[in-house]
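The structure presented is a predicted model; accordingly, all values stated were derived computationally and were not measured. Every heavy atom of this structure was used, including side-chain atoms; hydrogens, water molecules and symmetry mates were not.
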Amino acid sequence: MTGRPAFRAFAPGRVNLIGEHTDYNLGYSLPIALRLGTTAVFTPDESATVIGAVSATEPDECEIALSTVPGEVTGWGAYVAGCVWALREAGVPVPGGRLQISSDVPVGAGLSSSAALECAVLLALAEASGAPVGDRTAVAKLAQKAENHYVGAPTGLLDQLASLYGEPDRALLIDFRSVQVETVPAALGEAYRLLVIDSHAPHRHSAGEYRERRDSCAAAAASLGVASLREAGPDDWGRLTDPVHARRARHVLTENARVLAAADALRDGDYPVFGELMNASHESMRDDFEITTDHIDHLAALARRMGALGARMTGGGFGGSVIALADVDAADRIIAELPDAAVAAGHPAPTVRAVRPGPGAHLR
């Protein structure tokens, strides 16, 4: 080692309040950054031609060549290698060295542990390189490039933008056509709580369902003669002759409208309306986009029966977590009683966390 200082960065996970599968359709979403996150500590070594990466949650060290190319590294290390590759593709001279990673974002819970990892690694490596990489949106696009083209996951920009632009007690209204982020008050005061209900049923993007939904949306847009579903009219889904594509498009188009209405409800402090929009979003994901599971549907229904104003699946689908909005009394009941009720129905005991919007990715 050369004795150079270590570079430390933190990036949070995120939970999406409303607006699912709208990012790659250039629509709207309303996420928050969590106070859970990933820390990356990078110690450069100018004599090294590799990066040795270790994670507190993984048993093995991953060795990444600075010249790495897609397909060379698999598993958790692919996310790190993808960041190295994306930076060097952008002309950033990433040095060799040692990278240590720790995280308290649950993996597979739909809280974007992968984007937290990517953003933390990118910030640490970029700072160590001394080369400019642009603003937060530019970093988000590097993270997306790493995930899309190195890892092979066809994700949109939602997770990375939420991790980078998060602010305490603010939600983020993201317009994916203009790639603009507007903050919306989301302090909730003393009367309400946001709860994340981790089902402990990991989501299964790798099984191909996510890609199928994305391809269906692209086919729907092509049939309507528009570049993306963002350009379609609110009722244009009714012109589609393929019933599956029509349902997928109906979800996206109605979800965009719900996101904008939800942002207005937050600004007005109208939490009952916000809850109704969450419930409608879940029904759309269940019936039109078909990305929920019986398990997730049951948890959302349990939360509502216990007094939640709204409860919906959050994340890419097929498992993961439910986000619920409840007043303080109902939140206490959900935290105390929902895990046992889920077990009684034959499901794993979920973890229920009260969450608040936290700060975005930053150097430490």
Side-chain angles (χ1 to χ4, degrees), residues 11-34 37-38 70-71 73-83 85-87 89 103 105-122 136-166 172 174-177 179 181 202-218 221 228-230 248 251-252 255 259 285 289 291 313-321 360-361:
R14 67 95 188 94
V15 63
N16 197 22
L17 302 182
I18 193 167
E20 229 62 74
H21 286 262
T22 50
D23 54 351
Y24 55 81
N25 289 295
L26 303 187
Y28 300 97
S29 287
L30 192 68
I32 62 171
L34 295 171
T38 296
V73 179
T74 59
W76 73 270
Y79 293 93
V80 178
C83 293
W85 170 77
L87 283 168
E89 284 281 296
S103 181
V105 184
V107 175
L111 303 181
S112 198
S113 58
S114 58
L117 173 59
E118 292 156 2
C119 293
V121 169
L122 283 168
R136 287 176 289 183
T137 298
V139 177
K141 289 180 177 179
L142 286 173
Q144 183 192 30
K145 180 175 181 177
E147 192 152 355
N148 288 178
H149 300 295
Y150 198 107
V151 179
T155 58
L157 267 174
L158 188 158
D159 298 347
Q160 294 87 356
L161 287 173
S163 183
L164 286 155
Y165 277 94
L172 306 170
I174 303 175
D175 180 339
F176 291 99
R177 182 167 64 184
V179 199
V181 182
H203 55 311
R204 305 185 309 274
H205 291 174
S206 60
E209 294 98 335
Y210 187 104
R211 188 179 297 276
E212 187 277 330
R213 299 310 186 278
R214 186 164 185 160
D215 290 346
S216 184
C217 291
S228 74
L229 287 176
R230 174 64 178 272
R248 305 298 187 246
H251 165 73
V252 171
E255 188 82 340
V259 171
M285 290 187 290
F289 225 64
I291 55 173
M313 188 204 72
T314 186
F318 313 103
S321 294

Check: Backbone N or O of Arg214 within a donor-acceptor pair of the His21 side chain at under 3.5 Å?
Finding: no

Item checked: Those residues that, when tested against Arg230, pass side chain to side chain contact (heavy atoms under 4.5 Å, CB included) (two or more places apart) -> Leu26, Tyr28, Asp175, Arg177, Ser228

Checklist line | Considering all heavy atoms, the nearest Ala140-Leu164 contact | finding: N-CD1, 3.4 Å

Notebook entry, point to check: If we only count heavy atoms from C-beta on, is the Tyr24 to Cys217 side-chain gap below 4.5 Å?
Noted result: yes

Margin query: Test of understanding: with side chain to side chain donor-acceptor pair (under 3.5 Å), list the residues that count as partners of Tyr79, not counting sequence neighbours.
Written below: none

Next item on the list: Could you tell me which non-hydrogen atom of Gly19 sits nearest to which non-hydrogen atom of Val259, and how far apart they are?
Entry: CA-CG2, 3.4 Å

Note to self: List the residues meeting side chain to side chain contact (heavy atoms under 4.5 Å, CB included) with Ala218, not counting sequence neighbours, and say none if there are none.
What the structure shows: none

Check: Which atom pair, heavy atoms only, marks the closest approach of Pro70 to Trp85?
Finding: CD-NE1, 3.6 Å

Note to self: Do Ile18 and Glu255 have side chains that approach each other closer than 4.5 Å (heavy atoms only, starting at C-beta)?
What the structure shows: yes

Next item on the list: With sequence neighbours excluded, tell me which residues meet side chain to side chain donor-acceptor pair (under 3.5 Å) with Asn148.
Entry: Thr155

Next item on the list: Answer yes or no: is there a side-chain heavy-atom contact under 4.5 Å between Val252 and Phe289?
Entry: yes

Check: Quick one: side chain to side chain donor-acceptor pair (under 3.5 Å) partners of Arg248, sequence neighbours excluded?
Finding: Glu290

Margin query: With salt bridge (Lys or Arg N to Asp or Glu O under 4.0 Å) as the rule and sequence neighbours excluded, what pairs involving residues 21-32 come up?
Written below: none

Check: What residues form a side chain to side chain contact (heavy atoms under 4.5 Å, CB included) with Asn16, not counting sequence neighbours?
Finding: Glu20, Ser29, Pro31, Leu158, Thr314

Donor-acceptor pairs under 3.5 angstrom involving side-chain atoms of residues 109-118: please list them, not counting sequence neighbours.
{"residue": "Ser112", "atom": "OG", "partner": "Asp159", "partner atom": "OD2", "Å": "3.2"}
{"residue": "Glu118", "atom": "OE1", "partner": "Gln160", "partner atom": "NE2", "Å": "3.4"}

Note to self: Suppose we screen for ring-ring contact (aromatic ring centres under 6.0 Å, His included). Which residues come up paired with Phe176, at least two apart in sequence or across chains?
What the structure shows: none

Next item on the list: Could you tell me which residues satisfy side chain to side chain contact (heavy atoms under 4.5 Å, CB included) with Thr137, sequence neighbours excluded, listed by chain and number?
Entry: Asp135, Lys141, Leu161, Tyr165, Val179

Checklist line | Smallest separation among heavy atoms of Ala33 and Gly166, with atom names | finding: CB-CA, 3.6 Å

Notebook entry, point to check: Taking the side chain from Ser163 and the backbone from Pro12, do they hold a donor-acceptor pair closer than 3.5 Å?
Noted result: yes

Next item on the list: For residues Arg14 and Gly315, report the shortest heavy-atom separation together with the two atoms involved.
Entry: NH2-CA, 4.0 Å

Item checked: Distance (rounded to the nearest 0.5 Å) between His251 NE2 and Leu229 CG -> 10.5 Å

